[in-house]
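Hydrogens, waters and symmetry mates are skipped; everything else that's a heavy atom, side chains included, is used.
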Amino acid sequence: MRRGRIPELGLFLLGYQLFQKIGVTNVPPVTLGAIIIQAAIYLQFLVVPRLCLSGESVWTDGDYLRLVVPAIRHTHDLHLYYNMVSLAWKGLVLEKRIGSVRFLLTLIVLTVMSSTAYVGLALLGSDLLGDPSIMRQCAIGFSGVLFAIKVINNSHEDRGHSRTSYFGFLIPMKYAVWIELVVIQIVVPNSSFMGHLAGILAGLFYSKGPINGFLSLLPSTSSFSILSSTPATLLLTVLQTSLHFGLIPDLPPLSGCIPTRQHMTAQINRISTGQIKSMLVAPFHHLSVFHLVLNLLSFCVKSRKLEEKLGVLRYLMTVVLSVVMTSATYIVGGRLWMECSGSSDHLTHCMVGLSGALFALKVLTIKNTSSLDFTLLFELGELAILVEKNSRFYHFSGLLSGIFILCFSSWLSGHRWTPGGHRLGSGDSQQNQQPNWTRSWGYAGHNGEAYSEYSDNLPDNEMEEAMERSRQTHEAEQFVRSYTPSAPPEEDLERFPDMVRVRPPIYAHGIAPPPPGPGYRIDSSHSRSLTDDELRRRRLERFS
């Protein structure tokens, strides 16, 4: 079957493993997200460059994008199946141990480190063996990262001293990964030996080097903390990244410069629809990957606080308002300032990026921060960007938009809307208050002036009788609720022993049936010579 958008056998096997064997709800969020992304890339729902990793392309040509992209591509469906099932089991252990945030960073670091180690092994092999073709060997797939994760899992909790069963032999855990390297190469000769070895070296450097110690300083969160606390933040971050790299089909990459100053200084009657559209999408354009990473980092810091405080829906509305109002304020305010001052120096030739909307979110973040923590320090320190002259007007537009959104939300939450009616049985004044016994569907809001459209035709005595019946019915209901007799009235011929403190319940139809056994009740037909012990014994026999 041809690879493409058509699911193949490996994908069905992967779905079976996730839903039946492992349990898709048991897979931590970052692990599950990595599996879904790589499956979507294989099915071409997400478009990435068709690149492979080779020492020559990175070392000689300087194509550093190959350090990341080839790791998330796979040759065929079974290749994807084996790697993703292995990732599910390994991620299930490691992500729950170190937390989702650290595991996400670990995946990124291990991807780059294993690819870099591959390039280093290619250089070393070509020099030692004198074979330049090693530099041109291509490799794709996630297996190098999986070998690195296996090394890290073995190194945790001193598991290197324990043993595991491998083909019926007990071997130390620290040697299991090396044996697996050799076995896989024998079973699958076409697999990349250098790629797997590079993953092992990356895992050893990660676990023994300073990177693991640096990442351990990050807060360890539960495995589902990201999805449960900030799902909208993750969704918007992935969406913006996909827009920048052009991963969404039929949409061009939103990267590079847009001549916003040229559009804003043009005559109003000559502004085209395309220019308006380009100015509206300018916040989603970024000049470079570094520009994108800086904005997304600031966005995540703000969004973690706002989404927890506001909730998902209010947070999404706040983000949309921030982007739209910042762009509108910058366009309208910049144009008015240019018309009044006759100068366009305050406008930047290329004003793109989320930084303006982030200043609007900054106002709301500071408002929702109640203590001096990392978020507040970050937001205050980020105000130093206002020193930069070229984008100052754009950032001030964001601040004004944030203040307006804050004032509007405060007014909206404090405004009391006038109701269209009144509560049944209540009144605005003391004279409209009715007794409790009139507060029902029939007499709610009764004020004596307008009983109903038929009340004028009723005689006064009939109305008084109806009101009296309503009062009596209310009192009877309250009496029944407050007092329920536990037994019928005692007859003169009935006598109960002292040990029986609770009388039989009421029977609505007829007289209550006789008690179960002569040991329970004493009357004239039974002997009065029974002692208390005999009565107690008979009663226990009946009820045991």
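- In this pair, Tyr315 and Phe299 present their aromatic rings tilted. The plane angle is within the 30 to 60° band.
- A donor-acceptor pair is defined here as one N or O able to donate and one able to accept, closer than 3.5 Å; such a pair exists between the side chain of Ser401 and the backbone of Met325.
- Within the model, atoms CG of Leu123 and CD1 of Ile134 stand 10.5 Å from one another, a figure rounded to the nearest 0.5 Å.
- Expressed to the nearest 0.5 Å, how far CZ of Arg102 lies from CZ of Arg97 amounts to 10.5 Å.
- Counting only heavy atoms from C-beta outward, the side chains of Leu87 and Asn83 never approach each other to under 4.5 Å.
- Of all heavy-atom pairs between Leu287 and Gly256, the closest is CD2-O, 3.8 Å.
- Using a 4.5 Å heavy-atom threshold, the side chains of Thr326 and Pro283 count as separate.
- One finds the SG atom of Cys300 at 7.5 Å from the CG atom of Leu234 (value rounded to the nearest 0.5 Å).
- Counting heavy atoms of neighbouring residues, nucleotides and ligands inside a 6.0 Å radius, atom CZ of Phe396 does not exceed 12 of them.
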Take His286 and Ser255 through the test side chain to side chain contact (heavy atoms under 4.5 Å, CB included) and record every step on the way to the result.
-> CA-CA 5 Å; His286 292 84; Ser255 60; over 6 Å; no
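- Side-chain atoms of Gln185 come within 3.5 Å of backbone N or O of Pro189 as a donor-acceptor pair.
- In this structure, Ser114 contributes its side chain and Thr111 its backbone to a donor-acceptor pair below 3.5 Å.
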Intermediate values then yes/no, side chain to side chain contact (heavy atoms under 4.5 Å, CB included), Val289 and Val293 | CA-CA 6 Å; Val289 177; Val293 171; 4.2 Å; yes
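- Here the shortest heavy-atom pairing between Leu380 and Ile366 reads CD2-CD1, 4.3 Å.
- Although no hydrogens or angles enter the test, the distance criterion places no donor-acceptor pair under 3.5 Å between the side chain of Arg136 and the main chain of Glu56.
- In this structure the side chain of Ile37 never reaches within 4.5 angstrom of the side chain of Ile72, judged on heavy atoms.
- Under the 3.5 Å distance criterion, the side-chain polar atoms of His244 are left unmatched by any main-chain donor or acceptor of Gln240.
- Between Tyr330 and Leu347, some side-chain heavy-atom pair lies under the 4.5 Å cut-off.
- Here the closest non-hydrogen pair linking Ala232 and Leu316 is CB-CD2, 3.8 Å.
- Under the 3.5 Å distance criterion, the side-chain polar atoms of Asp61 are left unmatched by any main-chain donor or acceptor of Asp63.
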CA sep, side-chain torsions, deciding dist, call: Ile149, Thr106, side chain to side chain contact (heavy atoms under 4.5 Å, CB included) | CA-CA 9 Å; Ile149 295 176; Thr106 299; 5.8 Å; no
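- For Cys257, the disulfide bond (SG atoms under 2.5 Å apart) partners are Cys350, not counting sequence neighbours.
- Both cation-pi conditions hold for Lys362 and Phe359: the charged atom is under 6.0 angstrom from the six-membered ring centre and inside a 45 degree cone around its axis.
- Although no hydrogens or angles enter the test, the distance criterion places a donor-acceptor pair under 3.5 Å between the side chain of Arg66 and the main chain of Cys52.
- Phe147 has its side chain within reach of Val177: a pair of non-hydrogen atoms, C-beta onward, lies under 4.5 Å apart.
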What do the steps show when you test Leu201 against Phe205 for side chain to side chain contact (heavy atoms under 4.5 Å, CB included), and what is the final call?
-> CA-CA 6 Å; Leu201 297 179; Phe205 183 79; over 6 Å; no
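- Remark: Leu313 CG is loosely packed, at most 12 non-hydrogen atoms of other residues, nucleotides or ligands lying under 6.0 Å away.
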Any chance you could lay out the side chain to side chain donor-acceptor pair (under 3.5 Å) test for Glu379 and Thr365, step after step, and finish with the verdict?
-> CA-CA 8 Å; Glu379 299 302 328; Thr365 304; 4.8 Å; no
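- Separation of the Tyr42 and His74 ring centroids does not fall under the 6.0 Å cut-off.
- Side-chain contact check for Tyr118 versus Ser192: some heavy-atom pair is nearer than 4.5 Å.
- A pairwise comparison of heavy atoms in Leu197 and Leu181 identifies N-CD1, 4.0 Å as the closest pair.
- Side chain of Tyr394 to backbone of Gly353: a donor-acceptor contact under 3.5 angstrom is found.
- Scanning both residues, Gly130 and Pro132, for their nearest heavy atoms gives O-CD, 3.5 Å.
- Distance check, rounded to the nearest 0.5 Å: CZ of Arg50 to CD1 of Ile140 gives 8.5 Å.
- Judged by distance alone, the side chain of Ser298 and the main-chain N or O of Asn295 form no donor-acceptor pair under 3.5 Å.
- Taking the side chain as every heavy atom from C-beta outward, Ile405 and Ser322 approach each other to under 4.5 Å.
- Atom CG of Leu14 sits about 6.5 Å away from atom CD1 of Ile35, to the nearest 0.5 Å.
- Rounding to the nearest 0.5 Å places NE2 of His76 at 12.0 Å from CG of Leu9.
- At a threshold of 4.0 Å, the pair Glu95-Lys90 does not count as salt-bridged, since none of the basic side-chain nitrogens sits closer than that to a carboxylate oxygen.
- Side chains of Leu94 and Thr31 form no contact here, defined as non-hydrogen atoms less than 4.5 Å apart.
- Considering all non-hydrogen atoms of both residues, Leu364 and Gly402 come closest at CD2-O, 4.1 Å.
- Enclosure of atom CZ in Arg392 by more than 12 non-hydrogen atoms of other residues, nucleotides or ligands within 6.0 angstrom is indicated.
- Within a 6.0 Å radius of OH in Tyr82, no more than 12 heavy atoms belonging to other residues, nucleotides or ligands are found.
- The backbone N or O of Cys138 lies less than 3.5 Å from no partner atom in the side chain of Ser54, so there is not a single donor-acceptor pair.
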